[in-house]
Number of protein chains: 2
Amino acid sequence: MTAGSLSPHTLMIRKLESTFTFADEEKQALQNLPIQVTNLKAGRDIVRVGDRPSQCCLILEGFSCVYKLTSEGKRQLVALHVPGDIPDLQSLHLEVMDNSIALISPCTVGFIQHEDLRCVCERYPRLTAAFWRETLVDASIFREWLLNNGRREAYTRMAHLLCEFLMRLKAVGLVEDDAFDLPITQVELADAIGTSSVHVNRVLQALRGDGLVQTKGKQVIVPDWEKLKEAGDFDPLYLHLEDVGAARSPAVA
Amino acid sequence: MTAGSLSPHTLMIRKLESTFTFADEEKQALQNLPIQVTNLKAGRDIVRVGDRPSQCCLILEGFSCVYKLTSEGKRQLVALHVPGDIPDLQSLHLEVMDNSIALISPCTVGFIQHEDLRCVCERYPRLTAAFWRETLVDASIFREWLLNNGRREAYTRMAHLLCEFLMRLKAVGLVEDDAFDLPITQVELADAIGTSSVHVNRVLQALRGDGLVQTKGKQVIVPDWEKLKEAGDFDPLYLHLEDVGAARSPAVA
DNA sequence: CGAGCTTTTGAACGCAGTCAACAATTGTGG
DNA sequence: CCACAATTGTTGACTGCGTTCAAAAGCTCG
């Protein structure tokens, strides 16, 4: 089952419901949200720095990235998004885009008007909280990337990024038998972990050599999750995938 | 006039009002928000990874930092906060803390119960939007730091960080004559820009040598703002300090 | 099947880290 | 108010992770 087989609304609701429980009325409101679905080619920019969007985009199929450029033209990816994500949800409350968003693979994208989102949020505060939370998880991932790129060496960094992909894709049902498709070039991986693409190539060879990942074309296979986690110094806490579950067993007083 | 001379509520309201306009009723609701004020010593952790706080903290005076550690014990600051900031506002919707917060100088801190915040947000959706926006600006700063630490060299990175300090402190009235107090050690600066403290020392010497900054004890003086901005490849867009004003003069169609 | 990406490889270089020692500053208790 | 302790800042020498440049080999796709 791929994420693509779900309707846009169902995909969105499932994602939000992983940590919130909605009333039927709230779900219905989401179901009625107008979403304009489009297929777009890889490489295309969805929004650019300086834009003032009047809509958000929901990734339905494919991968997108959020990036920024230095004045010298050096590129840094600050986020990668998978189906179910809303890469520019921030634009709901930040007038001007401070980053660009590009598609790193052919994508099916759904556009939702700010107006419609604001409407539904105003009526249902729990939905506001759910969307707000989405942006907070994004922020948490930024923080982890800052740690990863700032204080880990390239080998560990790459392992960490692969761990994150595995977890996030698993959460939307895009992992089977510890394998997933990763349609991303080494140049893009380099821009994500802040190294040169040449070094990415060498680090990937090392990871393959150590038996931590196998690759078949665009497919990535993780033969030993525990070993990759250790190599990547990976703790999934920052993805906040199970806060609610955790909340049910409160910390010892 | 220092930020410390304002009441906690006034400081918070001023900050939120820089981009929102509130009705008297909304301001009154904020004024009535219970805030427990405390003075705390430098170096103290306010919250730690894994905590499940039931309150947020508002910095009233002094500086705090948000940090994360690798399993090897290497530290990365992912954010620095100045008076008016709420470093752990995320905890309102993320059950478990994914980072720790420490005071880098003696601070006056105000604690606000989640319950009270949720209450006021529920009643006044515009306040929800204002707080949500605060967390989105935090996220925008994370993104810029990712670019800064990932794709700029140490000299530029440091200049950029100093530019950010100047702008953010100016926004809360803590800059006079292009000078501000920066009670932060070189070790902490190193942890912020992801280098060694030895290198921070050398980079600071270079910046001083190039006449971009002067230091007198904890005080930083910026003799030529334009030059520092250029050296730091700094564009204040990401701070979103003037989105509303910008919105009044919409982009050319 | 050729054009254009993408991946791979090698070699030289350089930014920044590490280690270690010392100087300066700040803080503290007598 | 001084003396001592502790923290912070500074310097030098050596090392190394990762960059840069350039070229070749492999893929993908019209």
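Numbered from 1 within each chain, the chains take letters A, B, ... in sequence-line order.
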(request) Could I get the full list of ring pair (Phe, Tyr, Trp, His ring centres under 6.0 Å) partners for B:Phe63, not counting sequence neighbours? (result) none
(message) Counting only heavy atoms from other residues, nucleotides and ligands, does the tally under 6.0 Å from CD of B:Gln36 exceed 12?
(response) no
(message) I need the CG-C1' distance between A:Leu182 and C:dT6, as an integer number of Å.
(response) 14 Å
(message) Which heavy atom of B:His160 sits nearest to which heavy atom of B:Asp233, and what is that distance?
(response) CD2-O, 3.8 Å
(message) Taking A:Arg152 first and then A:Glu144, would you say they form a salt bridge - that is, a charged N and a carboxylate O separated by under 4.0 Å?
(response) yes
(request) Sequence neighbours left out, what passes ring pair (Phe, Tyr, Trp, His ring centres under 6.0 Å) with B:His81? Give chain and number order. (result) none
(request) Could you note down all residue pairs passing salt bridge (charged side-chain N to carboxylate O under 4.0 Å, His left out) where residues 184-200 of chain B supplies at least one of them, sequence neighbours left out? (result) A:Arg151-B:Asp191, B:Arg75-B:Asp191
(request) Send over the distance from A:Leu189 CG to C:dT8 C1', rounded to a whole Å. (result) 15 Å
(message) Can you give me the closest heavy-atom contact between A:Leu161 and A:Asn148, atom names plus distance?
(response) N-ND2, 4.5 Å
(request) Grab the CG-P distance between B:Asp191 and C:dG17 for me, whole Å please. (result) 11 Å
Expected list for residues 221-230 of chain B: side-chain donor-acceptor pairs under 3.5 angstrom, two or more places apart:
from: B:Asp224; atom 1: OD1; to: B:Glu226; atom 2: N; distance (Å): 3.3
from: B:Asp224; atom 1: OD1; to: B:Lys227; atom 2: N; distance (Å): 3.2

(message) Over the length of the helix from C:dC1-D:dG30 to C:dG30-D:dC1, how much do the five-pair end axes diverge, rounded to 10 degrees?
(response) 60°
(message) Tell me the interatomic distance from B:Asn149, atom CG, to C:dC15, atom C1', rounded to whole angstroms.
(response) 15 Å
(message) Strictly under 4.0 angstrom, non-hydrogen atoms only: write out the protein contact profile of nucleotides 7-25 of chain D, one letter per nucleotide from the 5' end, B, S or -.
(response) -SSBBBB----SBBB----
